[in-house]
There are 4 protein chains.
Amino acid sequence: MSIKLGKNTYGKNAVNLSKIIRHPDYHEFRQISVNVILEGDFETAHTIGDNSKLLPTDTQKNTVYALAKEHFVSSIEAFGLYLANYFASNNPQVSQVRIELTEHSWARMRFNGTVHPHAYCSGGNEKHTATVVQNKNGIEVTAGITGLLILKTTDSGFENYIKDQYTTLKETSDRIFATECEVSWVYNSSNILFVELFNGIRTTLLQTFADHQSLSVQHTLYAMGEAVLEKFAAVNEITLKMPNKHHILYNLEQFGMDNKNEVFIATDEPYGYITGTVVRE
Amino acid sequence: MSIKLGKNTYGKNAVNLSKIIRHPDYHEFRQISVNVILEGDFETAHTIGDNSKLLPTDTQKNTVYALAKEHFVSSIEAFGLYLANYFASNNPQVSQVRIELTEHSWARMRFNGTVHPHAYCSGGNEKHTATVVQNKNGIEVTAGITGLLILKTTDSGFENYIKDQYTTLKETSDRIFATECEVSWVYNSSNILFVELFNGIRTTLLQTFADHQSLSVQHTLYAMGEAVLEKFAAVNEITLKMPNKHHILYNLEQFGMDNKNEVFIATDEPYGYITGTVVRE
Amino acid sequence: MSIKLGKNTYGKNAVNLSKIIRHPDYHEFRQISVNVILEGDFETAHTIGDNSKLLPTDTQKNTVYALAKEHFVSSIEAFGLYLANYFASNNPQVSQVRIELTEHSWARMRFNGTVHPHAYCSGGNEKHTATVVQNKNGIEVTAGITGLLILKTTDSGFENYIKDQYTTLKETSDRIFATECEVSWVYNSSNILFVELFNGIRTTLLQTFADHQSLSVQHTLYAMGEAVLEKFAAVNEITLKMPNKHHILYNLEQFGMDNKNEVFIATDEPYGYITGTVVRE
Amino acid sequence: MSIKLGKNTYGKNAVNLSKIIRHPDYHEFRQISVNVILEGDFETAHTIGDNSKLLPTDTQKNTVYALAKEHFVSSIEAFGLYLANYFASNNPQVSQVRIELTEHSWARMRFNGTVHPHAYCSGGNEKHTATVVQNKNGIEVTAGITGLLILKTTDSGFENYIKDQYTTLKETSDRIFATECEVSWVYNSSNILFVELFNGIRTTLLQTFADHQSLSVQHTLYAMGEAVLEKFAAVNEITLKMPNKHHILYNLEQFGMDNKNEVFIATDEPYGYITGTVVRE
C-alpha cells in the first residue's frame with residue numbers, strides 16, 4: 001500500500017487592505033482582509049520540491065493590492081469575482097481558486113444630523129464576509145456575516161425537553177436569548193445586486209430574530225433561515241451557527257431576595273452551540 | 001536590612017453581570033464587568049497566613065450581584081459609588097476601595113424608524129468605563145472610553161520632523177489618521193449628571209477629532225483634551241492614549257501604476273503610541 | 001419549491017474540566033476542554049419548537065463532569081470513546097455523536113533533577129486534540145496537535161518558482177522556516193495504545209521537520225506526513241496545516257550595513273497558508 | 001484657570017525583531033518585541049503642531065533593527081541599556097528614555113538526548129521581560145516574567161476568613177492553587193550578570209511556590225517575594241501579580257456521587273486578583 005498526496009491547498013491569508021474611494025462630496029473608506037486559496041497540480045512541489053508551478057504567496061499578495069486600485073470599487077463580492085477569475089485565467093496549473101473576503105465596517109460620523117465627509121467610527125466586530133469559488137464547474141458566490149452579536153430580553157423560552165439522571169436545568173418560559181451569530185448563504189447567480197441583497201438579508205435576519213416567539217435556539221435559527229429563503233429568490237441555501245451566549249439567572253434567593261428575571265451572570269464558557277442549514281427542496 | 005511588605009491589593013475581577021430594567025414600554029438591557037480592588041491592613045495575611053481580615057473575593061462577587069438588584073439602576077458611575085461606599089463602610093480593615101466598571105454597549109434594534117422594545121444589537125468594542133476610588137481623602141470618580149476606533153481619511157499630515165541617519169519615512173501633508181483611542185477623565189464632583197456628561201464629552205472628542213487640521217497625533221490629542229476641558233467645567237483633567245493604527249501607502253509604482261492615496265496596507269504592529277494628559281493649571 | 005431543514009448539529013462546547021488522579025507517589029493533573037456535538041432526529045425542534053427529543057446542552061455538560069470521575073483515567077481518546085458511546089446508547093434520537101477533546105499540557109516542575117510530586121508548569125499553547133465520531137457506520141478516532149509552534153534557522157529555501165509582473169520576492173537558498181502547525185491523523189482502530197502512538201507520532205513530526213532539507217513549505221509538509229504513515233501502521237491518513245510565520249530579512253543595506261541572515265522582522269499577517277493531506281493508496 | 005499639557009509620552013511599540021546568532025556548532029535563535037517610550041520637551045508639538053523636536057516613531061523602529069545587528073548579542077537587559085543610552089545621547093530634547101523588551105522563549109529540539117543545532121520549539125506563553133529607564137537621575141533596570149502559568153494540586157488551603165451575609169464560599173484545607181503569575185523585580189545595578197540572575201530568580205520563584213504550605217494566595221505571594229530578596233542581593237524590590245485561576249470542585253453529590261478533590265470546573269472569569277510588592281526596609 002503506497003503513500004500519496006491527498007487534498008492540498010495553499011495561498012496568502014490575511015491580506016489587509018484599505019482603500020479610499022473619493023466621491024465628489026465625501027470619502028468612502030473601505031477596509032478588507034483577503035485570503036487567496038489555490039488548488040491544482042502541485043504534487044511535485046510536495047514530493048520532490050519542484051516549485052515550477054507555484055505562484056508564491058508573496059506574489060498573490062502583491063496581485064491583490066495591485067488589482068484593488070482599478071477593481072475594488074463596489075462590493076467585496078464583485079472584487080472577489082474579479083480576483084478569482086484573474087488567478088484562474090493566468091494560472092493553468094490551478095484547478096480551483098477560492099477567494100475569501102472579510103469587510104470591516106466603518107460608519108461615517110454624524111453630528112447634529114449631518115454626516116461628516118471623511119471621519120469614521122468603527123462599526124464593531126460585525127463583519128460582512130464573501131467567498132468566491134471558481135473551478136471547472138463554474139463560479140459560486142457565498143455571502144455572510146460574522147460577529148453578529150444580538151440579544152433579546154424576552155419572547156424566548158426552553159421547556160419540555162428530555163430529563164434524565166443528570167438533568168439540573170430548570171424549565172423557563174422567559175429567558176434572555178443572546179448569540180454571536182455566524183451566517184452564510186449561497187447565491188444562485190454571480191450577476192446580482194450584492195449590496196442591496198446583503199442589506200435586505202441582514203435586516204430580515206434581525207427582524208425575524210427580534211419578533212420570533214422562540215421555543216428554543218433551534219426554533220429561531222430555522223425561522224431566520226426560512227425567512228431569508230422565502231423573501232430572497234437569489235438565495236439557495238443558508239447556514240446559521242448560533243453559540244448560546246448564556247445569561248444565567250443569579251441565585252438571589254440564597255440571600256433572602258427574589259430575582260424576577262432581573263440580575264444575571266453573563267458567561268462565555270461552556271456554551272451551547274447550535275448550527276443548521278436551511279435549503280430549498 | 002530587613003524585608004517587608006510594600007503596596008498590596010486584592011479583590012475580585014471580571015464580575016460579569018447583566019440586568020434587565022423593565023420600563024413600561026421597553027426593556028432596558030445592561031451588561032457590565034466589575035473589578036473590586038481593596039487596600040488595607042493585610043500584612044499578617046501575607047506574612048503569617050492570618051486570614052481573619054480578608055473578605056474573600058468570592059464574597060465580594062456575591063455582594064456585587066446582590067447589590068445590583070436595588071442599586072444598579074442608572075449610570076455605572078452611580079453603581080460604582082454605591083459599591084465603594086458599601087465595602088468601605090462594612091470593612092474597617094480596608095483603607096481604600098477601588099471599583100472599576102466597564103459597560104458593554106447594546107443598541108436597541110430599529111426597523112423602519114421604529115425602535116424595538118426588547119431586541120438589541122451589540123454596540124461593538126467601544127466601552128464606557130468608570131472608576132471610583134474611596135479612601136480617607138474622599139471619593140474620586142473617573143469616567144472614560146476604551147476601544148474608540150476612529151479614523152479620518154484626510155486633514156492629517158506629518159512633516160518637518162527630525163531627520164537622522166535612520167530616517168526613511170517620507171513627509172506627507174495628507175495621510176489616513178486612525179487610532180483606537182483610550183480616554184479617561186477625572187470629575188471634580190461625585191454629584192453630577194454622569195450620563196449626560198459622558199455623552200457630551202464623547203461627542204466633543206469625536207467632533208474635535210473629525211474637524212481638526214492635524215499636524216501630528218500629538219497635535220490632535222491635545223486639541224481633543226483641550227476641547228473637553230474648555231466645555232466641561234466638571235472635568236479637571238483628561239488623559240488620552242492614541243495608538244497609531246497605521247495605514248501605509250502601498251507601493252504601486254513598482255508595477256508601473258500610481259497610487260494617489262488610494263490603496264493602503266493596514267498594519268497592527270509595530271505601532272506608534274502617543275499618550276498625553278491635559279490639565280487645568 | 002419548498003423549504004426544509006438540511007444538515008444540523010447541536011451540543012455543549014468548551015466544557016472545561018480538570019482532574020487530579022492520585023498516584024502513590026505523585027498527583028497527576030489533567031485539564032481538558034470537551035465539545036459534544038449531536039446529530040439526529042431534530043427536525044420538529046426546528047420547525048415547530050418541539051423540544052421532546054432535545055437533551056439539553058446543560059445536561060450534556062453535567063454528564064461530562066459526572067462521567068469524568070470514573071472514566072477519565074487515561075487518554076483523552078479513551079474518554080472520548082466512552083462519552084461517544086454513552087450519548088449514543090442513551091439517546092435513540094441521536095444518529096451521530098461527535099466528541100472533540102483538547103488537552104492542556106502541564107509538566108511537573110523539576111528541581112536539581114528531581115520531579116516535584118504535585119507542582120506543575122504549563123506546557124504552553126501546544127495542545128493534544130482528539131475527536132471521536134460514532135454513528136451507524138462505526139467509530140472513528142482522530143488525534144492531533146494544535147499550536148505546535150516550531151522553527152528552524154536554516155536548511156530551508158524557496159527558489160525556482162513562477163515569476164510574473166507582480167513578483168517582488170527574492171529567491172533564497174537559506175531562510176528561517178517557522179510555522180504554528182496544526183496536525184491531525186485518523187487511526188484505523190479504536191483499540192490501540194493512544195498515549196504511546198501520540199508521543200511517537202509527535203516525535204516523528206518534529207524530527208522530520210528538523211532534519212528535512214526544505215525546498216518549500218509544501219515539500220516539508222509532505223515529508224512530515226509521509227514519515228508518519230511510513231512508521232505508524234495504525235494511521236491511515238494525516239492532515240497538516242502550516243501557516244508560514246514569516247521572518248523577513250530586514251533591509252540594513254539602506255543604512256550602509258550588510259545583513260547576512262542575521263536580523264529579521266517577525267510578522268503575523270499576511271501569512272502563507274499551506275495545507276495538505278497525505279494518505280495511503 | 002488656564003489649560004496646559006501634563007505628562008506625555010510617545011514612541012514605537014511592538015517592534016518585533018528576530019535574530020540568528022551563529023555559534024560554531026549551533027544557531028542561537030532569539031525573538032523579541034521592543035517598545036520605545038520617550039518623554040521630553042514636546043509641548044509645542046501638542047499645542048501648535050511643531051514637529052521639529054519629534055524623532056518619528058518610524059525612525060525609532062529603524063534604529064532598533066539597525067542597532068540589533070551589533071548590539072543585541074546577549075541579554076535583553078544589555079540590549080535595552082544600549083538602546084536607552086543611544087536615544088538619550090542622540091536626542092537632547094528627550095529627558096527620559098524607557099525601553100521595554102519582551103523575549104519569546106524558544107527551546108532547541110532534543111532527540112534521544114541530543115540537542116538539535118538549529119531546530120526549535122516554542123517555549124510557550126511565558127516571556128522574559130525587561131525595562132530600562134534612563135533619565136537625569138540615572139539608569140534603572142527591571143526584569144521580570146509574564147505568563148508564568150503554574151499550579152499545585154495540594155499544600156494549599158483557605159480558611160478562617162471573614163464571614164458575612166453574602167458568604168457562600170466553603171472553607172477548605174486542600175484546594176488547587178493555580179495562577180498565571182506576572183513578576184518583576186528592580187535591580188540595584190546595571191552591571192550585573194543578567195542571564196544568570198534571571199535564571200536563579202525564576203528557579204527560586206518556582207521552588208518557593210511548589211514547596212510552600214499555602215494558607216492563602218497572599219501568603220504564598222509574600223513567601224515567593226521574600227525568598228528572592230533573601231537570596232539575591234542585586235534585587236531591591238519585587239512585585240508579584242497573581243490572578244487566581246480558579247478550579248472549582250464540581251458538585252457530584254447532586255448525582256449521588258462523592259468528589260474527593262477529583263473533578264473540577266476550570267474557570268477564567270471572574271477571578272481573584274492578588275498583587276503585592278516585597279521590599280527591603
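Residue numbering restarts at 1 for every chain, and letters A, B, ... go by the order of the sequence lines.
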Can you measure from [atom1] ([X]) to [atom2] ([Y]) and round to the nearest 0.5 angstrom?
X: Glu28(A); Y: Thr153(B); atom1: CD; atom2: OG1; value: 11.0 Å
X: Asp211(B); Y: Met109(A); atom1: CG; atom2: CE; value: 9.5 Å
X: Leu17(B); Y: His247(A); atom1: CG; atom2: NE2; value: 10.5 Å
X: Lys245(A); Y: Ser18(B); atom1: NZ; atom2: OG; value: 12.0 Å

Given the options [options], which has more heavy-atom pairs under 4.5 Å with chain A than any of the others?
options: Glu126(B), Glu70(B), Lys19(B); result: Lys19(B)
options: Lys260(B), Gln254(B), Glu180(B), Gln207(B); result: Gln207(B)
options: Asn259(B), Ile21(B), Asp155(B), Thr203(B); result: Asp155(B)
options: Lys152(B), Glu262(B), Met257(B); result: Glu262(B)
options: Ala178(B), Ala66(B), Ser105(B), Pro117(B); result: Ala66(B)

| Can Thr154(B) and His118(A) be counted as having a side-chain donor-acceptor contact under 3.5 angstrom? |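 Thr154(B) vs His118(A): no donor-acceptor pair found between side chains.
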| When you check the side-chain N and O atoms of Asn62(A) and Tyr250(B), is any donor under 3.5 Å from an acceptor? |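 Judged by distance alone, the side chains do pair up.
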Given a strict heavy-atom distance threshold of 4.5 Å, which part of [X] is in contact with chain B: side chain, backbone, both, or neither?
X: Phe255(A); answer: side chain
X: Ile176(A); answer: side chain
X: Ile150(A); answer: both
X: Arg22(A); answer: side chain
X: Phe72(A); answer: neither

Which residue out of [options] racks up the most heavy-atom pairs below 4.5 Å with chain B?
options: Val15(A), Asp268(A), Leu149(A), Asn125(A); value: Leu149(A)
options: Ser122(A), Gly124(A), Ala68(A); value: Ser122(A)
options: Leu148(A), Val263(A), Ile248(A); value: Val263(A)

| query | So does Lys127(B) have more than 12 non-hydrogen atoms from other groups sitting under 6.0 Å from NZ? | reply |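 Atom NZ in Lys127(B) is packed in, count exceeds 12.
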Side-chain heavy atoms of [X] within contact of [Y], under 4.5 Å:
X: Asp258(B); Y: Lys69(A); value: yes
X: Cys121(A); Y: Leu206(B); value: yes
X: Tyr65(B); Y: Asn251(A); value: no
X: Asn16(B); Y: Thr267(A); value: no

| message | Please classify the contact of Leu151(B) with chain A as side chain, backbone, both or neither, using a heavy-atom distance under 4.5 Å. | response |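 Contact with chain A is through both the backbone and side chain of Leu151(B).
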